[in-house]
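The structure under discussion appears below in the form of structure tokens.
In the text below, chain A, chain B and the rest are named by the order of the sequence lines, each starting its count at 1.
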2 protein chains.
Amino acid sequence: MAGIEDVAKLAGVSTATVSRALSGKNSVSAKAKAKVEAAARELNYTASASAYTLATGRSRNIGVVMPFVDRWFFSVILEGIETELIEHGYDLTLYNLSGGADQRRKIFFEFLNRKRVDAFITVAVKPSEDELQQLAIAGIPILGLGGPISGARTVSVDEIGAGRLATEHLISLGHTKIGNISGTPASEMEFHQPNLRRQGYLDALKASGLTAHDSWLAEADFTIAGAYHATKQLLGDPRNAPSALFIASDEMAFGAIMAAKDLGLRVPQDVSIIGMDDHDMSEFFGLSTISQNVRQQGSNAAKTVIDLVENLKDGQPVNVEQNREWPGTLIVRSSTARPPRS
Amino acid sequence: MAGIEDVAKLAGVSTATVSRALSGKNSVSAKAKAKVEAAARELNYTASASAYTLATGRSRNIGVVMPFVDRWFFSVILEGIETELIEHGYDLTLYNLSGGADQRRKIFFEFLNRKRVDAFITVAVKPSEDELQQLAIAGIPILGLGGPISGARTVSVDEIGAGRLATEHLISLGHTKIGNISGTPASEMEFHQPNLRRQGYLDALKASGLTAHDSWLAEADFTIAGAYHATKQLLGDPRNAPSALFIASDEMAFGAIMAAKDLGLRVPQDVSIIGMDDHDMSEFFGLSTISQNVRQQGSNAAKTVIDLVENLKDGQPVNVEQNREWPGTLIVRSSTARPPRS
DNA sequence: ATTCAAAATGTAAAAACTTACAGGATTCCC
DNA sequence: GGGAATCCTGTAAGTTTTTACATTTTGAAT
């Protein structure tokens, strides 16, 4: 493995000049730069990351913390972040919390201290007071996705607004008996997104003078199966069934569609269903939904965090507390229509 | 941020002793060890990763390269790897190739050289000659998942055997008209797993003296939608339709089940369907399948790669060329049954 | 009490970069 | 052509840790 010294020797300059030529930040004569670049190419040289980090205190590496990576939302956002980071010459190191409390402690109190990352992006993770303090001591800026974190920048989706949007779509079609399935508290993210979505649903009903019958509401596991069973209950009694359902996630909505079919109900003729997320498979199911533009949320977060670490002032990020909210956009497919005349 | 010197001062010993006490590898008196540990805890000290790497040449960091992260198989395997790595004190840095050839070149010819990782795990990626050479020069060991890579250790699933297993299950139920849907070449992984699965299917038929009618074979996009349309074709003509289908992936099999239902066919009474992977949702669909134990494949790969980097001899891994193959296991659910009497 | 081996500790070099500082070379302008 | 300003380059210090080597301490055996 060639080091900077080898390049310097081959190019006939000092290591300082090599460093300057390759980083492109300081003044180097065109001639020297050419020689250095040729030598570096010949020796296949790239500066060692650890020496760079040690010397500069910067690692060009971003840590990403998420509770799972094997769920659709998280894997898509991860891909969005990663692609953007690579583009800018950053590495991504992944920390997933699915290993439980012990793993979480290890991540926040050991790995974090190794000064291996310039900043963290947390996705749907709410750091505890202890954890935030730990981050502050280590001087690592943090960007939160999917919920407010005090003292940190934050990028999130307007969950309430999105829930309202979905519900308003159903109301505008003429539905008055609108049900809702949200996640159970246990299966929820740490910021209770599904709860917020229901809040938007309730807001929309209220604004239109409608009320939510208790028997039109359900909570279910955040999965296809969970929503399948919940839907069978909600739609089971034809005399008292809602004519439309707003479901807290697309994945759950798939289960709802299958349940409706298995009950002999046609979607959308007998019952309208709208989800939320714009999952990859939603188009296949013809599911109307609210798009969150997840991949772009990821790349946006990556851009923001790079901005954060490249514009530190005295080691502190400038412009803290700037929260950006994304609106959702309504996507109408074939799972929603006017209510049946009864 | 406290450095090793601060800890040494507080504990009243030299930095060498601190290093030894904390790494636990060399002899330190019990008394000194206790003092150092107390001091480290008080100062909240963890050795800086970059200095450690610079001094030792080891980074305790594993690079993972995969073509996507937002597909079920990849995200699950990633989670398996990550959880195991954390357990052993390793970090994971993620490189995904979905950004195209340019990103790929950047990863293999720039990022890789930074000496930031001790080893690579590649998942369903077939490095080119150039890329392999690059890895060799950099002295980075590599563990391949999902296909053979010359000169590297490899962990893979016996795809042919798995395809045979699935087909034999259908044969043992009494089916003689067995169709198969595999991925299109374009949508395939770089090692052509789906092709291998079809190979196993053909082997099994042959062994039982059965033949595959051309009109029972199809290739489709590796998605629900792809298989949905292919299935509609295969089962569209009742007089010439197979009574059972072996589908190259569970995700595709979901599409097949829906297509069958939409054609008015009952699964399994009218048509049996078996997939492959044991996807999270397969239980919900009642899909019979071949389990690949994906998460465990991931954690197994992580263990193997740690073994690889911790047992280097003269910078070279020992035991190269050791290929481990996983068998699949048959999981029978409710999507397969005896063929209908016709 | 001596002696010797083994165990514990300290000193200082090494790992591979960046960058402040200072000095030499150019360029510019009059 | 001379002096100042600017640009370029090299020297050496600094970043934080590990570890070879040297030295001191400990403990056991005589």
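If you take NZ of B:Lys9 and P of D:dT17, they are 13 Å apart, rounded to a whole angstrom. The interatomic distance linking A:Leu54 (CG) with C:dC17 (P) rounds to 12 Å, in whole Å. One can place OH of B:Tyr52 at 18 Å from P of D:dT16, the figure rounded to the nearest angstrom. Atom NZ of B:Lys31 is separated from atom C1' of C:dA8 by 12 Å (rounded to the nearest Å). Rounded to whole angstrom, the span from the CZ atom of A:Arg58 across to the P atom of C:dC17 amounts to 17 Å. In this entry the distance linking NZ of B:Lys33 with P of C:dA8 reads 11 Å, nearest Å. Atom CG in B:Leu22 sits about 13 Å away from atom P in D:dT19, given to the nearest Å. Going from atom CG of B:Asp6 over to atom C1' of D:dT16 covers 11 Å, rounded to whole Å.
The 5' end of DNA chain C is approached more closely, in terms of each residue's nearest nucleotide, by B:Ser14 than by the other of B:Ser14 and A:Val18. Toward the 5′ end of DNA chain D lies the nearest nucleotide of A:Ala30, the other residue of the pair A:Ala30 and A:Ala16 mapping further downstream.
Taking the centre and axis of the six-membered ring of B:Tyr52, the NZ or CZ atom of B:Arg60 falls inside the cone set by 45° and 6.0 Å.
Between the side chains of B:Tyr45 and A:Asn113, no donor-acceptor pair is found at a separation under 3.5 Å. A donor atom on one side chain and an acceptor atom on the other are not found under 3.5 Å apart for B:Asp130 and B:Ser128. Between the side chains of B:Ser48 and B:Ser50, at least one donor N or O lies within less than 3.5 Å of an accepting N or O.
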Pair up each side-chain donor or acceptor in residues 7-19 of chain B with any protein partner under 3.5 Å, not counting sequence neighbours, and list the distances.
unit_1: B:Ser14; atom_1: OG; unit_2: B:Ala16; atom_2: N; d: 3.4
unit_1: B:Ser14; atom_1: OG; unit_2: B:Thr17; atom_2: N; d: 3.4
unit_1: B:Ser14; atom_1: OG; unit_2: B:Thr17; atom_2: OG1; d: 3.4

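With D:dT15, D:dT18, C:dT19 as the candidates, the nucleotide lying closest to the side chain of B:Thr15 is D:dT18. Taking only side-chain atoms of A:Ala55, from C-beta outward, the nucleotide of C:dT18, D:dT17, D:dT9 with the closest atom is C:dT18. Candidate nucleotides C:dA15, D:dT9, C:dG10 were compared by shortest atom distance to the side chain of B:Thr17, and C:dG10 ranks first. Among the nucleotides D:dT15, D:dC8, C:dT19, the one closest to the side chain of A:Ser29 is D:dC8. In this structure, the nucleotide among D:dT9, C:dT18, C:dG10 sitting nearest to the side chain of B:Val13 is C:dG10. Taking every side-chain heavy atom of B:Ser19 into account, D:dT19 is the closest of D:dT19, C:dG10, C:dT18. For A:Arg20, taking side-chain heavy atoms from C-beta onward, the closest of the listed nucleotides D:dT16, C:dT19, C:dT18 is C:dT19. Minimum atom distance to the side chain of A:Ile4 is reached by C:dT18, of the listed D:dT16, C:dT18, D:dT18. The side chain of A:Ser48 has C:dA16 as its nearest neighbour among D:dT17, C:dA16, C:dT18.
For the pair A:Thr56 and C:dT18, the criterion of a side-chain N or O lying under 4.0 Å from OP1 or OP2 is not met. The shortest distance between the side-chain N/O atoms of A:Ser27 and the OP1/OP2 oxygens of D:dC8 is below 4.0 Å. Taking only side-chain nitrogens and oxygens, B:Tyr45 comes nearer than 4.0 Å to OP1 or OP2 of D:dT17.
Rounding to the nearest 0.5 Å gives a distance of 8.0 Å between CG of B:Leu145 and OG1 of B:Thr154. With rounding to the nearest 0.5 Å, the separation of OH in A:Tyr95 from CG in B:Leu92 is 9.5 Å.
Computed from C1' positions of five pairs at each end, the angle between the two local axes of the helix from C:dA1-D:dT30 to C:dC30-D:dG1 equals 30°, rounded to 10 degrees.
Of the residues listed (B:Asn61, B:Ile62, B:Val65), the one engaging B:Thr93 in a side-chain contact (heavy atoms from CB on, under 4.5 Å) is B:Asn61, and it is the only one.
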